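What you see is a predicted model; the values in this text were computed from it and never measured. Residues: numbered from 1 along the sequence shown.
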Amino acid sequence: MLIPHDTRIALDTVVDLVNTAPESEPPRDDPADPLVDGPEDGLADIPALYAFAERHLISGVGTLGERDLTAVRDVRARFAEVFAAPDPRTAADLVNRLVAAAGTTPQLTDHDGYDWHVHYFAPDASIADHLAADCGMALAFIIVAGEQERLRRCEAPDCGHAFVDLSRNRSRRYCSSRTCGNRLHVAAYRARRKEAAG
């Protein structure tokens, strides 16, 4: 599947955004420990929102406040619904609503050393509208290509992170083969050895 560079960046951004939600975090080691409150919100406060914007090189952020944080969390929740959509029609409806609410205004740009690419948000858009428009259009690209099933959640029972399966044969099951996939393979191997020894 050939994906333009700016679409790939937006897909990486939306995956990271969805995975900042507490419900996408693996459970803590000791849920009985009263000091463990459960999974943390990766967008717990305004500094975390600034860090997210910096990590993804989101331009034109300006000064962020509580309203921005609330709006980005709302966009994040709606993107999570897209990853959970049971079929392309449902996913398309969710993306259409997100993009429409962002007030998209597509324009060509070549800023910060990047070649020509399309921004789908207005120049003075809020960070939430920026994310809704650009990431929404990236997800639209996947849906239009007939590849909605590539929008997945990790199958590791203690994970649940979102990811976009860009494998050639759509066979990826884990958000990371090095962590979740390897951990489950090792557990299965140990279980087989224990059963054989028992």
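Under the rule for a ring-ring contact (aromatic ring centres under 6.0 Å, His included), Phe79 has no partner lying at least two apart in sequence or in another chain. Remark: Leu108 pairs with Trp116, Val118 by the side chain to side chain contact (heavy atoms under 4.5 Å, CB included) rule, at least two apart or across chains. Residues satisfying the side-chain hydrogen bond (donor to acceptor under 3.5 Å, both in side chains) criterion with Asn169, sequence neighbours excluded, are Ser171. With sequence neighbours left out, the ring-ring contact (aromatic ring centres under 6.0 Å, His included) criterion links Phe83 to no other residue. Under the side chain to side chain contact (heavy atoms under 4.5 Å, CB included) criterion, Ser126 pairs with Asp68, Ala128, Asp129, not counting sequence neighbours. Contacts of Ser59 classified as side-chain hydrogen bond (donor to acceptor under 3.5 Å, both in side chains), with partners at least two apart in sequence or in another chain: none.
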Compile the donor-acceptor pairs under 3.5 Å between side chains in residues 131-142 and protein atoms, sequence neighbours left out, one pair per line.
residue, atom, partner, partner atom, Å
Asp134, OD1, Tyr120, N, 3.1

Which pairs would a plain distance check flag for residues 89-97, meaning a side-chain donor or acceptor within less than 3.5 Å of a matching protein atom at least two apart in sequence or in another chain?
residue, atom, partner, partner atom, Å
Thr90, OG1, Asp87, OD1, 2.9
Thr90, OG1, Asp87, OD2, 3.3
Asp93, OD2, Arg97, NE, 3.3
Asp93, OD2, Arg97, NH2, 3.0
Asn96, ND2, Ala92, O, 3.3

Atom pairs and distances, side-chain donor-acceptor, residues 42-51, under 3.5 Å, sequence neighbours left out:
residue, atom, partner, partner atom, Å
Asp45, OD1, Ala48, N, 2.9
Tyr50, OH, Leu64, N, 2.8

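The main-chain N or O of Glu149 is found under 3.5 Å from a side-chain atom of Arg152 such that the two form a donor-acceptor pair. A donor-acceptor pair is defined here as one N or O able to donate and one able to accept, closer than 3.5 Å; such a pair exists between the side chain of Thr20 and the backbone of Leu17. The backbone N or O of Val164 lies less than 3.5 Å from no partner atom in the side chain of Arg150, so there is not a single donor-acceptor pair.
Residues in residues 6-18 take part in these salt bridge (Lys or Arg N to Asp or Glu O under 4.0 Å) pairs, two or more places apart or across chains: Arg8-Asp12, Asp16-Arg55. Sorted by first and then second residue, the pairs that involve residues 71-82 and meet salt bridge (Lys or Arg N to Asp or Glu O under 4.0 Å), not counting sequence neighbours, are Asp41-Arg73, Asp41-Arg76, Asp74-Arg78.
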